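In this text, all values refer to a predicted model and were calculated from it rather than measured experimentally. Excluded from the calculations below are hydrogen atoms, water molecules and symmetry mates; all remaining heavy atoms, backbone and side chain alike, are included. Start at 1 with the first residue, then count along the sequence.
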Amino acid sequence: CTIPTSLSAGNVVVVDGGPYSGNSPGNALSLTGTGTASQPIFVRGKDPATRPQMQVDDLYTNNAEYMIVENLNFTYTTWGSSVNYFAFRHNELRGKGGNIGLSPLGMNSVIYDNDIHHAGKNPDGSLGIYDKTGIALVAGSQHVWIVDNNIHENSGDGIIFCHLCPEALAPEYVYIGRNVIHDN
């Protein structure tokens with residue numbers, strides 16, 4: 001029950017059962033791979049109704065292109081990425097104390113229909129480090145769609161737009177719509 005660290009165009013990794021641990025040091029799940037528009041890479045839970053548990057401390061999508069991660073349940077995770085043409089959809093992401101939930105870096109990303117909660121809160125629900133957000137757009141992000149997500153119970157904002165970013169690297173072409181953002 002391991003998930004490959006390096007993926008190729010057209011790979012489809014179907015995740016079932018679980019719970020799963022990380023595939024790299026520090027109990028992180030690291031996904032690297034270059035798909036194409038006609039042969040994207042999929043990492044997906046087998047059944048959207050019963051998302052497999054990913055009990056990993058961090059999710060890293062490093063140099064991921066044309067990759068879709070869907071139908072998974074990440075417990076106590078934070079996502080940091082370097083992506084291009086990437087979709088994170090139909091997932092649950094429960095953040096952990098002291099960390100931001102999602103932090104997409106790159107171009108042409110879609111964060112769609114996810115339940116993103118408890119970033120910056122400890123597993124018992126108490127506040128960890130304050131002001132950690134559900135989604136933090138970072139310097140250099142472009143063409144990001146954040147749509148139809150439920151973003152709640154984070155110790156900071158639901159979405160933050162590049163805190164202390166140099167103006168020349170501010171995110172561009174960001175669409176935020178139809179999200180339910182509450183109790184942050």
Partners meeting ring-ring contact (aromatic ring centres under 6.0 Å, His included) with H152 (sequence neighbours left out): H117, H182

Check: D157/N184 side-chain N/O donor and acceptor closer than 3.5 Å: no

Nearest heavy-atom neighbours spanning [X] and [Y]:
| X | Y | value |
| --- | --- | --- |
| G10 | I41 | N-CG1, 4.4 Å |
| N63 | T34 | O-OG1, 4.3 Å |
| N179 | I146 | ND2-O, 2.9 Å |
| M67 | L7 | CE-CD1, 4.3 Å |
| S24 | S30 | OG-CB, 3.8 Å |
| L31 | A64 | O-CB, 4.5 Å |

When rounded to the nearest 0.5 angstrom, what is the spacing between [atom1] in [X] and [atom2] in [Y]?
| X | Y | atom1 | atom2 | value |
| --- | --- | --- | --- | --- |
| T32 | Y60 | OG1 | OH | 12.0 Å |
| F161 | I176 | CZ | CD1 | 6.0 Å |
| N27 | D57 | CG | CG | 4.5 Å |
| L93 | M54 | CG | CE | 11.5 Å |
| E70 | Y112 | CD | OH | 11.5 Å |
| N84 | S109 | CG | OG | 7.5 Å |

N73 vs N91, side-chain contact (heavy atoms from CB on, under 4.5 Å): CA-CA, chis, key distance, verdict: CA-CA 6 Å; N73 186 338; N91 297 296; over 6 Å; no

Ring centroid separation H143 to Y175 under 6.0 Å: no

Main-chain N/O of H90 paired with R51 side-chain donor or acceptor, under 3.5 Å: yes

N154 side-chain N/O to A119 backbone N/O, donor-acceptor pair under 3.5 Å: yes

Heavy-atom side-chain proximity of F88 to L59 below 4.5 angstrom: yes

Pairwise side-chain contact, I111 with P104, heavy-atom cut-off 4.5 Å (strictly under): yes

Would you say [X] and [Y] are hydrophobically clustered, going by side-chain heavy atoms of ILVMFWY under 4.5 Å?
| X | Y | value |
| --- | --- | --- |
| I159 | L102 | yes |
| I100 | I151 | no |
| L105 | F74 | no |
| V69 | V13 | yes |
| V110 | Y66 | no |

Option passing side chain to side chain donor-acceptor pair (under 3.5 Å) with T75 (candidates Q53, Q55, H118): Q53

Side chain to side chain donor-acceptor pair (under 3.5 Å), paired with N149, selected from D115, D113, N114: N114

Positive for side-chain contact (heavy atoms from CB on, under 4.5 Å) with L29, one of V56, T5, V43: V56

Cluster companions of I68 among Ile, Leu, Val, Met, Phe, Trp, Tyr (side-chain spacing under 4.5 Å): V12, V14, F42

